[in-house]
Amino acid sequence: MGILKLKPSCKDYLWGGHRLAEEYGKECPGEVLAETWELSCHSDGPSFITNGAYAGKTLQQYLDEQGKEVLGIHCRRFRDFPILIKFIDAKDNLSIQVHPDNRYALKNEGQYGKTEMWYVMDAGPEAFLYYGFKKEISRTEFEQRIQNDTLLEVLNAVPVQKGDVLFIESGTIHAIGKDILIAEIQQNSNITYRVYDYGRVGKDGKKRDLHIEKALAVTNRVPIVKSKSCYPHVADCDYFTVDALNLDGKIMKRLEGVVSEESFASILILDGEGTISSQKETLNYRKGDSFFLTAGSGSYQMEGTCNALITTIREKAGPVRIGIDIRGLCTRIGLVDVHQKLIASVCMDTDSGRKTAEELIREIARKTLDLLERQGISLEQCVGVGIGVPGTVDKKNGVVRYSNNIRWNQVALAEIIGAYLPLPVRIANDADCAALGEAVAGAGRECQDIVMLTLGAGVGSGIVIDGELFEGGGIGGSELGHMVIEKEGRLCTCGRNGCLEAYASLTALRQEVKEADGRELSPEQIFQMAAAGDRKLEHVVLPYIQRLGTGVVNSVNIFRPQMILFGGVELPEPYLEVIRSMVRNECFGGEQGELPAVENAQLGCEAGMIGAASL
């Protein structure tokens with residue numbers, strides 16, 4: 001079955017009109033019809049098949065039965081159905097809003113972020129919409145203007161008319177104005193952060209919720225520079241490609257196209273009437289109809305008159321970097337795009353005790369190639385490989401001098417993996433990679449200077465100064481875990497006594513808990529139970545935090561970073577506050593100086609991959 005005719009889900013949002021029912025024949029029981037979700041596999045509003053053997057089923061049910069092959073090769077890189085297409089009738093102004101990117105949305109909302117495009121189907125003589133800011137503003141000013149209702153003063157108001165196209169990348173503040181009819185093609189997401197709503201109330205008589213903190217976190221606060229033309233396309237990005245179809249019934253009465261195995265095709269009829277045929281099936285179309293043509297369905301024909309938008313998914317155009325994070329227990333391999341976003345990843349057992357270094361590297365390379373193939377990304381699209389490794393690393397020569405965690409000694413990592421992945425290869429210490437990942441895409445992305453302590457079997461450290469990894473002049477990078485905090489203290493694995501690592505590693509914490517009351521608990525359990533009031537654990541955790549805080553104070557006095565981050569485990573807020581208090585009270589100059597923020601890292605296991613890819 002090559003062609004599916006779809007029936008939309010309908011939305012009666014309070015700002016909507018009734019033109020979609022009156023002019024486009026959409027079925028609506030009420031007086032308000034704000035949106036119709038014409039091509040949707042989203043659970044909040046699926047589209048339904050109206051013809052053939054699957055009539056009455058949702059498009060998602062069809063895909064579940066037929067498999068993702070009907071979406072095409074270029075859709076392999078997406079976890080879910082990639083796009084959502086709507087008609088929008090704005091009788092009144094929509095709220096001022098912003099959409100998050102994939103990383104933020106997946107972490108905080110469990111679904112994709114939203115980049116979208118608008119095609120203006122009709123607009124009143126005074127119609128306009130909001131699109132970005134007139135000028136760059138600070139986060140503080142942004143928040144203040146939201147609170148005091150002056151946000152509209154700094155928004156960019158754009159007059160629009162029929163046929164206009166706007167591309168709204170995630171992070172762009174925007175709003176559709178009243179008296180505008182729009183076709184919207186977007187990522188498959190229903191995430192919207194509302195920051196201003198004209199004081200309106202919903203059906204329950206209450207003001208609609210605002211999402212100020214989330215909006216502050218994701219909004220691009222600089223003016224939007226309109227991108228260059230997407231000619232010959234109406235719009236083109238990694239998530240969708242949109243083209244215009246036109247039959248005037250006079251000069252152009254018939255159109256032929258081909259739907260290859262690369263991508264499905266969505267055809268949205270904006271105006272006109274006629275027939276559409278594919279695989280010996282012919283269906284009538286009229287203004288407002290939506291069709292889905294499966295990948296590999298071959299040729300199709302359209303006859304009659306129409307203005308239509310055809311949407312497909314193209315091959316990912318942006319360069320991809322490979323980030324590999326080798327740890328003692330597991331190795332993570334990730335594909336990272338130009339926006340520092342993780343496209344896909346895979347985890348494998350490191351199992352270094354049973355494999356030689358060459359065997360492990362060969363398996364990592366094979367897993368990397370398998371991941372690329374599954375995502376439909378060619379090796380030619382990749383620009384390089386970055387690898388984080390525990391231990392002492394010679395970055396210049398691509399050699400791991402020594403790693404106790406994975407039992408490597410003088411391993412020419414870059415040379416060996418380069419035989420399987422013929423790309424530029426850069427290597428660094430794994431803690432350095434985690435710090436770099438947080439600096440470019442995580443908690444430290446707005447800071448130029450950060451110190452990150454990774455708590456695990458030891459205490460790893462990464463330092464970013466002026467946006468670059470600080471590694472000193474020699475081999476090995478920074479080792480803040482081996483500063484002495486107690487003279488003649490515990491023996492450290494490095495052979496010295498009293499190192500921070502001997503007291504602040506998670507291994508040391510677990511051992512102290514076991515010695516104190518015999519329990520074997522995970523670090524997460526220890527912190528959570530202690531914070532909840534377990535007295536025995538409190539007596540262990542508080543000295544642990546104070547010793548960790550001593551290491552932080554020393555690091556602040558030396559590097560004066562803008563932020564201190566903790567990775568490896570999430571410290572509960574009460575213990576972060578203990579360390580913040582130590583920083584305020586014990587750092588040289590105290591609160592008279594510029595003290596750093598003290599926070600948990602955000603990216604978790606992704607940090608090492610993103611940081612390695614950024615090498």
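Just the heavy atoms: all of them, side chains too, but no hydrogens, waters or symmetry mates, feed the values below.
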For F291 together with Y300, are the ring centres under 6.0 Å from each other? no
Sub-3.5 Å donor-acceptor pair from the side chain of T219 to the main-chain atoms of R221, do we have one? no
P82 and side chain to side chain contact (heavy atoms under 4.5 Å, CB included): which single residue from F240, Y239, F264 fits? F264
With no hydrogens and no angle check, just 3.5 Å: does a side-chain donor-acceptor pair link S95 and Q97? yes
Checking side-chain polar atoms at under 3.5 Å, does T150 have a donor or acceptor matched by the opposite partner on R145? yes
Going through the distances and angles, do T368 and I324 end up as a side-chain contact (heavy atoms from CB on, under 4.5 Å)? CA-CA 9 Å; T368 302; I324 300 172; 4.0 Å; yes
Could you tell me how the ring of Y193 sits relative to the ring of H211: parallel (under 30°), tilted (30 to 60°) or perpendicular (over 60°)? tilted
E281-N51 side chain donor-acceptor pair, cut-off 3.5 Å: yes
D337/R321 salt bridge by N-O under 4.0 Å criterion: no
Taking NZ, NE, NH1 and NH2 as the nitrogens, is one of them in D248 or K253 under 4.0 Å from a carboxylate oxygen of the other? no
Has E22 got more than 12 heavy atoms of other residues, nucleotides or ligands less than 6.0 Å from its CD? yes
So, are E65 and K57 salt-bridged, with charged N and O less than 4.0 Å apart? yes
Check whether the side chains of Q60 and T58 place a donor and an acceptor atom closer than 3.5 Å, and report yes or no. no
Answer yes when D197 and K207 have at least one side-chain N-carboxylate O distance shorter than 4.0 Å, and no when they do not. no
Under 3.5 Å, is there a donor-acceptor pair between the side chain of K134 and the main chain of E153? yes
Give a yes or no answer on whether the side chain of E438 reaches the backbone of A443 with a donor-acceptor pair at less than 3.5 Å. yes
T241 side chain to D236 backbone, donor-acceptor under 3.5 Å: no
Taking H18 for its side chain and V32 for its backbone only, find out whether a donor-acceptor pair lies under 3.5 Å. no
Got a sec: does the NZ of K7 have more than 12 other heavy atoms crowding it under 6.0 Å? no
Salt-bridge contact D44-K11 (side-chain N to carboxylate O under 4.0 Å): no
For Q144, is there any backbone N or O sitting under 3.5 Å from a side-chain donor or acceptor partner on N148? yes
How about E109 and Y104: does a side-chain donor come under 3.5 Å of a side-chain acceptor? no
Chi angles and distances behind the side-chain contact (heavy atoms from CB on, under 4.5 Å) call for S297, Q279: CA-CA 7 Å; S297 57; Q279 295 187 355; 3.6 Å; yes
Side chains of T275 and N284: do they bring a donor and an acceptor to under 3.5 Å? no
Regarding N246 and N307, is there a side-chain donor-to-acceptor distance under 3.5 Å anywhere? yes
Between I269 and I267, is any pair of side-chain heavy atoms under 4.5 Å apart? yes
Between T115 (side chain) and S170 (backbone), is there a donor-acceptor pair under 3.5 Å? yes
Should we count CD of E273 as having more than 12 external heavy atoms under 6.0 Å? no
Indicate whether the side chain of H42 and that of N190 have a donor and an acceptor atom separated by less than 3.5 Å. no
What's the verdict on side-chain contact (heavy atoms from CB on, under 4.5 Å) for K5 and F292, showing C-alpha distance, side-chain angles and the deciding distance? CA-CA 6 Å; K5 187 174 182 179; F292 179 86; over 6 Å; no
Straight-line distance of S277 OG to M302 CE, nearest 0.5 Å: 10.0 Å
Between Y13 and W15, how do the two ring planes meet: parallel, tilted or perpendicular, split at 30° and 60°? tilted
Tell me whether K287 forms a cation-pi arrangement with Y24, defined as NZ or CZ under 6.0 Å from the six-membered ring centre and within 45 degrees of its axis. yes
I'd like to know if the side chain of H174 and the backbone of T172 have a donor-acceptor N/O pair within less than 3.5 Å. yes
Report yes or no: do S614 and Q340 form a side-chain donor-acceptor pair below 3.5 Å? yes
